[in-house]
Number of protein chains: 2
Amino acid sequence: MLLSKACVYGLRSSLFLASHEGDGYISIREMSEKLDISFHFLTKILQQLTSAGLMESHKGPKGGVRLTKSGSEVSLFEIVAAIDGTELFTECALGLPGCGVKKPCPLHDKWADTRDGIRLMLEGTNLVELAKKGKKENLRITEDGGFEWI
Amino acid sequence: MLLSKACVYGLRSSLFLASHEGDGYISIREMSEKLDISFHFLTKILQQLTSAGLMESHKGPKGGVRLTKSGSEVSLFEIVAAIDGTELFTECALGLPGCGVKKPCPLHDKWADTRDGIRLMLEGTNLVELAKKGKKENLRITEDGGFEWI
DNA sequence: AAGTTTTAAGAGTATTTTATCTTAATTTAA
DNA sequence: TTAAATTAAGATAAAATACTCTTAAAACTT
């Protein structure tokens, strides 16, 4: 799998938040139910995004989480980097530590290009863009399609 | 990680075999030592490649494994598909089962392109090509660089 | 101030991946 | 025909990932 489950859940909930921009804090419980993600697991994932500075949280009634900046300024890359780290974008396809221009493996050049393709796609896509597309075309971000864009 | 450890080891040993084309069966013990991979683990990985038809094995003294066809006809994609499966090349970036043209997620189009980039790179690269490059430019396929192309 | 709602944090469990160990089966060679 | 070399296969162990549960801390409401 390219991205960990935690990362995928992080992306889905980030899209959720981007589609609720201006609605203040959204409770994790609500998101976990609408996105069909284990509440406690999602809590931990969002804690990572919060400590990475991408979200801010608030305790108590009317608490929850929200994006710290506009979703149009948050790229998918930022979410992925905060949860799965950037190893995917620097690592060697053959798993050799320190593989790079100076000390490459036979696959380095080709893989570096491919890897950059993934990175550029993620960097060039922001949350609001996807949320708008999802809403406009009524696309799903949950398995059962139970999620409704608002 | 893009590829599992097993897959990476499978690729490294496939490159080894491609650089030994025509030398008959190569013992797994020898490969495990030269590539610094756990012998038993490598054995299981090569069993997968054997049952996938990419390699053939022979027991007893002078036994080992060898490629069933010329390494120039074996793409990296075939090795990856035999060990990690093709899920990576069909799966949804948001982890939604059945995501595709008919029932896409908001990221589907962009990810499908990126995914194809990975696939094309792997399909367009064969074992001998890499082994030759590795030998010519003296590139490493082990962590410590202890491996020597012959 | 008390009770309720909510996130935070840590411990615990389950599953998958990675790796090891042991025994069996096969093949060669003396 | 016996011994040694080698892959095959199954059981076990360790580590990483994916979740779950419990308790604590904070903030709002009355």
Side-chain angles (χ1 to χ4, degrees), chain A residues 1-13 16-17 23-68 80 83-85 87-88 91 95 143, chain B residues 1-13 16-17 23-68 80 83-85 87-88 91 95 143:
Chain A
M1 196 178 353
L2 185 84
L3 305 175
S4 70
K5 282 258 181 182
C7 189
V8 164
Y9 293 159
L11 285 170
R12 291 188 202 170
S13 43
F16 186 107
L17 289 181
D23 290 2
Y25 293 104
I26 306 288
S27 96
I28 301 178
R29 175 70 66 185
E30 181 191 344
M31 276 201 285
S32 80
E33 283 165 3
K34 295 204 172 152
L35 295 177
D36 198 26
I37 300 172
S38 146
F39 168 70
H40 289 102
F41 193 33
L42 183 58
T43 294
K44 292 197 179 308
I45 294 164
L46 297 182
Q47 275 169 29
Q48 287 186 267
L49 293 175
T50 299
S51 69
L54 292 166
M55 295 180 182
E56 51 198 356
S57 66
H58 197 71
K59 288 179 181 173
K62 307 215 170 174
V65 295
R66 68 180 181 197
L67 295 171
T68 49
V80 171
I83 299 175
D84 279 351
E87 204 196 346
L88 174 64
E91 78 185 352
E143 182 164 345
Chain B
M1 198 178 349
L2 184 85
L3 305 175
S4 70
K5 282 254 182 182
C7 189
V8 164
Y9 294 160
L11 285 170
R12 292 188 201 169
S13 42
F16 186 107
L17 289 181
D23 291 2
Y25 293 105
I26 306 287
S27 96
I28 301 179
R29 175 71 66 184
E30 181 191 344
M31 276 200 285
S32 80
E33 284 166 2
K34 295 204 173 153
L35 295 176
D36 198 26
I37 301 172
S38 146
F39 168 70
H40 289 102
F41 192 33
L42 183 57
T43 295
K44 291 196 181 310
I45 295 164
L46 296 182
Q47 274 170 30
Q48 286 187 266
L49 293 175
T50 298
S51 69
L54 292 166
M55 294 181 184
E56 51 198 357
S57 66
H58 195 72
K59 287 180 181 172
K62 306 216 168 172
V65 295
R66 67 180 181 197
L67 295 171
T68 49
V80 171
I83 299 176
D84 279 351
E87 204 196 347
L88 174 63
E91 77 185 353
E143 182 163 345

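Each chain gets a letter, A, B and so on, in the order the sequences are listed, and its residues count up from 1.
The CD1-P distance, from I83(B) to dT18(C), rounds to 11 Å in whole Å. If you take CE of M1(A) and C1' of dT17(C), they are 12 Å apart, rounded to a whole angstrom. A straight line from CZ of F41(B) to C1' of dG10(D) spans 16 Å, rounded to a whole angstrom. In this entry the distance linking NZ of K59(A) with P of dT23(D) reads 17 Å, nearest Å. Put simply, CZ on F39(A) is 12 Å from C1' on dA9(C), counting in whole angstrom units. Distance CD1 (I28(B)) to P (dT20(C)): 15 Å, rounded to an integer number of Å. Atom P of nucleotide dA5(D) and atom CD of E30(B) are separated by 15 Å, given to the nearest angstrom. The distance between atom CE of M31(A) and atom C1' of dT7(C), rounded to the nearest whole Å, is 11 Å.
Contact check, S4(A) against dT17(D): no side-chain N or O comes under 4.0 Å of OP1 or OP2. The phosphate of dA19(C) (OP1 or OP2) has a side-chain N or O of Y9(B) nearer than 4.0 angstrom. The side chain of S57(A) places an N or O atom within less than 4.0 Å of a non-bridging phosphate oxygen (OP1 or OP2) of dA8(C).
For residues 43-50 of chain A, proximity to DNA chain C is found at K44(A), Q47(A), defined as any non-hydrogen atom under 4.0 angstrom from a strand atom.
Between S13(A) and L46(A), the closest heavy-atom pair is OG-CD2, 3.6 Å. The two residues I26(A) and M31(A) come nearest to each other via the heavy atoms CG2-CG, 3.9 Å. Closest heavy-atom contact between L2(A) and E91(B): N-OE2, 3.4 Å. The two atoms that bring E56(A) and T50(A) nearest to each other are CA-CG2, 4.2 Å, heavy atoms only.
Heavy atoms of Y25(B) sit nowhere under 4.0 angstrom from any nucleic acid atom.
The residue among S27(B) and K62(A) whose nearest nucleotide of DNA chain D lies closer to the 5′ end is S27(B). Comparing H58(A) and L3(A) along DNA chain D, the residue whose closest nucleotide (by nearest heavy atom) sits nearer the 5' end is L3(A). Judged by closest nucleotide on DNA chain C, G60(A) is the one of G60(A) and L42(B) placed further toward the 5' end.
Atom CG of L42(B) is separated from atom CD1 of I28(B) by 6.0 Å, given to the nearest 0.5 angstrom.
Side-chain atoms of H40(A) come within donor-acceptor range of the base of dT22(D), with a qualifying N/O pair under 3.5 Å.
Relative orientation of the H58(B) and Y25(B) rings is parallel, given thresholds of 30° and 60° on the angle between their planes.
Between the side chain of S4(B) and the main chain of D84(B), no donor-acceptor pair closer than 3.5 Å is present.
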